[in-house]
Structure formats: structure tokens, C-alpha cells
Amino acid sequence: MKKTLISLLFTASLTTLSAHSATPPNTLVVAQSLDDAISFDPAQGFETSTVQAFTNLYQRLLQSDPAHPVDLRPTLASSWKAGSDNRSLTFTLRDGATFASGNPIRPEDVIFSLSRVIKLNLEPSFVLTQLGWNTKNIDNQLTKTSANQVTLHWDAAVSPAFVLSLLSAPVASIVDEKEALSHQVNNDLGHQWLSSHSAGSGPYQIRRYVPHEVLLMTANPRSPAGAPKLSTLLIKNVPEAATRRLVIEQGDADIARNLGSDQFSALQHKPGVTPVSVPIASLYYLLFNTQSSATLKNPAFWEASRYLFDYDGIANGLLKGQFSIHQSFLPSGYLGALNDTPYTYNPEKAKAILAKAGLSNVSFKVVVNNQPPYLDIAQALQASFAKGGVKIELIPSLSSEVTAKMASHQFDATVTSWGPDYFDPNTNAAAFATNPEDGSSTLAYRAGWHIPELTAETHKAVALTDNAQRAALYEKLQRQVQKSSPYVIGLQAHQLIALRSNIKGYQQGMNPDMVYYSQVTK
């Protein structure tokens, strides 16, 4: 097979583990698993690996400030203005901005990018269909209003502030229409080609992608954000966390992502390596199916369970560095997030609550993903609940089996996690605090929890235009769910990574797409 740039770089960066080496000086080598990647088209990509790439390949009209994610800053738009009816936004595009191809960024590209998400109707399209957009009306909802302006209209009862949050999501990345359509096959709007190529204005562009092996990105000197500090970004597939630890320790990678607690601990104080624990917006919790038994439906049992969750033992003992204690449905760092932790492990108090409610000999089954950290957390809960007189039977299962049982309500309880789909409090509020009773698979629906009042309040929050008012309402909702609900939210995850000590300028935020490589130097 003919040797290409990618194989040369791969050979240069990956030597035998028995000898120390250094990565090429102008190449950033990242070791992580790429096995989840399905598509690098922002209209489809919804996996961790692809979403992490999008901020480096594409830009949106506006994006979160890396240093203060709640603040949205202009990116491809220089400004925007809401319509008088609060059902439209007009964006003025940045002067002189171009794609990696050299094509200018036009209102037509914005219209093409957002409408193709709706027309392709792939997994992340729900982020934008919340605006009431569908294949029948989308062409009338997006309008070029001048040579450098585009107006977006929507019918849903949501505020401009909420719409701006949605437009900062990876699925709203702006794609080069001319470049994408030049590779169109069977009217697919360039989808097949974009699955392994890029047509954006981000600091990097895809040079080559080999599934389950490597993603090679090279600098885009035309990016409106400026060229990246390093000319090449090489992300190589290293599926095992233990191997990722070895390659960062040996110097065969500059960054190792998604380490486990054991690997993270082993790298502490290693010369040439800087371990970093980054808080991310993933919450771990215990969920009860209220339809399974009268006990699991009893609010007294929910209350007792809050005192049987060993928060400190798991976060600061068993899985030290991988979690922090968090007891509300909005992750720390989100607008309106409630960071109070009113509950502590107290089995005697739990026993008293159960006795007062007439609940004795309580037992239930927990179906749980058989992989860490889920099974680790479930085993810890089995022990901590036992001290309160509650017996848990664990049923370790494949992730797909857990999902299927939750969807069909064929379970007592589960230990699982929830990560946001976009950077707005509604992404979690809609999951934990709404049950539309229409078959929507919210967490409240899966728990069989009927909450018309909370559902109405959550819908009210997304329609508010004032962020202070939104934050206040989300705090109220969190307190209600925290006090009495069929969830025991206990932990907020941290992503464990390691950098070689000569790496400077790397930034990472709490959402999966908030990975910034462009300012990295070495």
C-alpha cells in the first residue's frame, strides 16, 4: 500500500512502548477511542468523538465563550436582533469571513446548513425541531434579508434567548453550501461526503479519516478565528484506557483522553505528565420505576433513598477524581444551576423515615450497565442501602439492554447517567421535570412519574426572555425535584485527561463539544 502523509505521521508519533519518544514538533497527537465515531457531518454526528471535533472543524453563528460558557459570543455573526414578536432573529454576518475552501460565508450558507439538518432528519435534528421547524415549513422559516443578513423565524412558544442557545449547538454548524453540493450524491446534500470530510470555517479541516484508526486534521489558514498554533492535529484510536496511560507516559502522545481512576492515579507525580480532572455536564443518578411497586412509588421511600446514597464515599473514596457531589438536575456551570447538597449519607435517618411510613423488608432490583463506572456505583449503593435495611439485587446488563428495559418500563430501578444535548438548562429540565404524557421518552416518563404542574412550569421557563427570570424558575424546579422525585441525583462527572508537561493553551469546557485545540502550543 502506498505510504501517505497520514501513515508517516502515525509512524513518527507511535513508537514502541519500550522506548521514550517525542511527537513531531508541529503536530498535536491525541490518544483516545475513536470507535464511537459514526459521521463527521454535523447534521448527523452525535457521538463523543465527532462532537469533540466539530468546534475545531466548524463555526456557528454564535458560540459559548470558552472561559465563560454561559456567555454566548458572536462568531460567524457579528450581531443579531430579535423581532418585535419575539418569534424571529436577524443575524448580520461577519465581514470578509470565508470557509476553508476560500468561498465567502453568505446568508445562503446559513439557510442551507440549518435547513439540511431538518431535511436530513438525522439524530441531532431534534435540537432544531424544538422551534417547530419541519420539512414542510423550513424553507419559509429561513430568509435572506440582505447581502449579509439572514432572518430565522419560528412558531414554537420559545424565547429568542432559548433559540440562541440552540444555535450554539454543534448541529447548527455552518457548512459551505457550494463545497458540500459539489460532492452531492442522489440529492443527499453532501451528507455521504461530509461523513468523512469537512466543509467548514473552523481552525482545522479534515485531511483524512480512517475509521477506527485515525483522524488527521490540518490547519485552515483562512479561518475567521485565525490559523491554529500547530499545523497538524492527529487523533489516533487507542481503545484501552490502560494503553492511553502508557502512550502519554512514554511521550508517544501529547494528550490522553478518558482515563480511568486507576490510570489517573498512576500518572500523579510522573515526570513530564500533567493529569487534569475537568468537570463535565454529565450527571449520575439512581432512577426508580414508580410503576413497578407501591414501595417505589412512595415519596417516603424516595426521601429515605436520599440518605442511603453514599455521596462522599463514591465521589471522594471509591472513584476519587472522577466525580464531585452534585444533587440537582442542572450541572454546575449551567444557567440557574443549584449547587446545594442538602443530603448526606445517614442510614439511621433513612431507617426512621421508612419505619414512620410503615415500609419494612424493602428490596428491589437494579438493572445496570455492566461497565465501569456504572457497575462500580451500583455495587457501592448495594452496600450503602444494606446498612439502612434495604436490599438491592444487581442485574448487570449490556447498555442496550438497560435502555430497552427502561423504555418498556420493565425494571425496578437503574443507575445511569444523563448528559446534555445542548448548552441550555432546558436540555435537562425537559428530561427530569416534564412528562408530556404523549409517549415522549423523558426520564419522568421512564420513571412513570406524572407531573402536569412541573411540566407546565418547565414549558413556561423556556418561553421566558429574561435570563434572570429563567434562572430563578429553574432553581425552583430543581428544589422541587431534589426534595421529592423518583430520582436520587448524586454525582457530576469529571473527565480525566493527561497532558505532556510541554503542552500549553489547551482548553476544555463542560459540554462534549467544548474541546479547543487551536491555541495549543508545545
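One is the number of the first residue; the rest follow in order along the sequence.
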For N426 and Y422, test the side chains for any donor-to-acceptor distance below 3.5 angstrom and give the result as yes or no. yes
With sequence neighbours left out, write down each residue that passes ring-ring contact (aromatic ring centres under 6.0 Å, His included) with Y506, or none if nothing qualifies. Y517
If you round to the nearest 0.5 Å, how far is OG of S195 from CG of D41? 5.5 Å
Mind checking what makes salt bridge (charged side-chain N to carboxylate O under 4.0 Å, His left out) contact with D340, not counting sequence neighbours? R479
Backbone of H409 reached by a side-chain donor or acceptor of N289 within 3.5 Å: yes
Could you tell me which residues satisfy side-chain hydrogen bond (donor to acceptor under 3.5 Å, both in side chains) with D254, sequence neighbours excluded, listed by chain and number? T23, K522
For Y334, the ring-ring contact (aromatic ring centres under 6.0 Å, His included) test, sequence neighbours excluded, returns F423
Rounded distance (nearest 0.5 Å) linking atom CG of N369 with atom OG1 of T414: 8.5 Å
Can you give the donor-acceptor pairs under 3.5 Å from side chains of residues 493-501 to other protein atoms, not counting sequence neighbours?
unit_1, atom_1, unit_2, atom_2, d
H494, ND1, S277, OG, 2.9
H494, NE2, S324, OG, 3.3
Q495, OE1, R257, NH2, 2.7
Q495, OE1, Q508, NE2, 2.9
R500, NE, G272, O, 3.3
R500, NH1, I248, O, 2.8
R500, NH1, E249, O, 3.2
S501, OG, G272, O, 3.2
S501, OG, V273, N, 3.2
S501, OG, T274, OG1, 3.4

Closest heavy-atom pair, I280 versus Q492, reported as atoms and distance to 0.1 Å, is O-NE2, 3.0 Å
Could you tell me if E47 and T50 have a donor-acceptor pair between their side chains, going purely by distance under 3.5 Å? yes
Tell me, please, which residues at least two apart from R446 pass salt bridge (charged side-chain N to carboxylate O under 4.0 Å, His left out). none
Run the side-chain hydrogen bond (donor to acceptor under 3.5 Å, both in side chains) test against S231 and tell me which residues pass, sequence neighbours left out. N26
Is a donor from one side chain sitting under 3.5 angstrom from an acceptor on the other, for H212 and N237? no
Could you tell me whether the side chain of P170 reaches within less than 4.5 Å of the side chain of R60, counting heavy atoms only? yes
Residue list, side-chain hydrogen bond (donor to acceptor under 3.5 Å, both in side chains) with N346, at least two apart or on another chain: none
What one should report as the nearest heavy-atom pair of A429 and Y474 is CB-CE2, 3.6 Å
Examine distances only and state if a side-chain atom of T290 and a backbone atom of G448 form a donor-acceptor pair shorter than 3.5 Å. yes
Pair Q322, S261: side-chain N/O donor-acceptor within cut-off below 3.5 Å: yes
Which donor-acceptor pairs under 3.5 Å do the side chains of residues 394-405 make with protein atoms, sequence neighbours left out?
unit_1, atom_1, unit_2, atom_2, d
S397, OG, I395, O, 3.1
E401, OE1, L398, N, 3.0
T403, OG1, S399, O, 3.1

For E240, does the CD atom sit with more than 12 other heavy atoms under 6.0 Å from it, leaving out its own atoms? no
Check whether any side-chain N or O of Q382 sits under 3.5 Å from a backbone N or O of I392 as a donor-acceptor pair, and report yes or no. yes
Residues in ring-ring contact (aromatic ring centres under 6.0 Å, His included) with F54, at least two apart? none
Looking at L62, is its backbone amide N or carbonyl O close enough to the side chain of S168 to form a donor-acceptor pair, meaning the two atoms are under 3.5 Å apart? no
May I ask you to check whether Q59 and S201 show a side-chain donor-acceptor distance below 3.5 Å? yes
Please list, chain by chain and in numerical order, all residues satisfying side-chain hydrogen bond (donor to acceptor under 3.5 Å, both in side chains) with N316, sequence neighbours excluded. D312
For D71, what residues pass the side chain to side chain contact (heavy atoms under 4.5 Å, CB included) criterion, not counting sequence neighbours? D65, H68
Nearest-0.5 Å distance, CZ of residue F432 to OG of residue S328: 9.5 Å
Can you classify the ring geometry of W302 versus W449 as parallel (below 30°), tilted (30 to 60°) or perpendicular (above 60°)? perpendicular
If I compare all heavy atoms of S165 with all of L72, which pair ends up nearest, and what's the gap? N-CD1, 4.0 Å
Straight-line distance of T295 OG1 to F364 CZ, nearest 0.5 Å: 10.5 Å
salt_bridge(D252, R244) N-O dist < 4.0 Å: no
In Å and rounded to the nearest 0.5 Å, what is the OH to CD1 distance from Y58 to I174? 11.0 Å
State plainly whether the residues E303 and R306 are in salt-bridge range, i.e. N to O under 4.0 Å. no
Give a yes or no on whether E475 atom CD has more than 12 heavy-atom contacts from other residues, nucleotides or ligands under 6.0 Å away. yes
Closest non-hydrogen contact found for A444 with T434 is CB-O, 3.2 Å
For a side chain to side chain contact (heavy atoms under 4.5 Å, CB included) with F309, tell me which candidate from T344, I325, L381 qualifies. L381
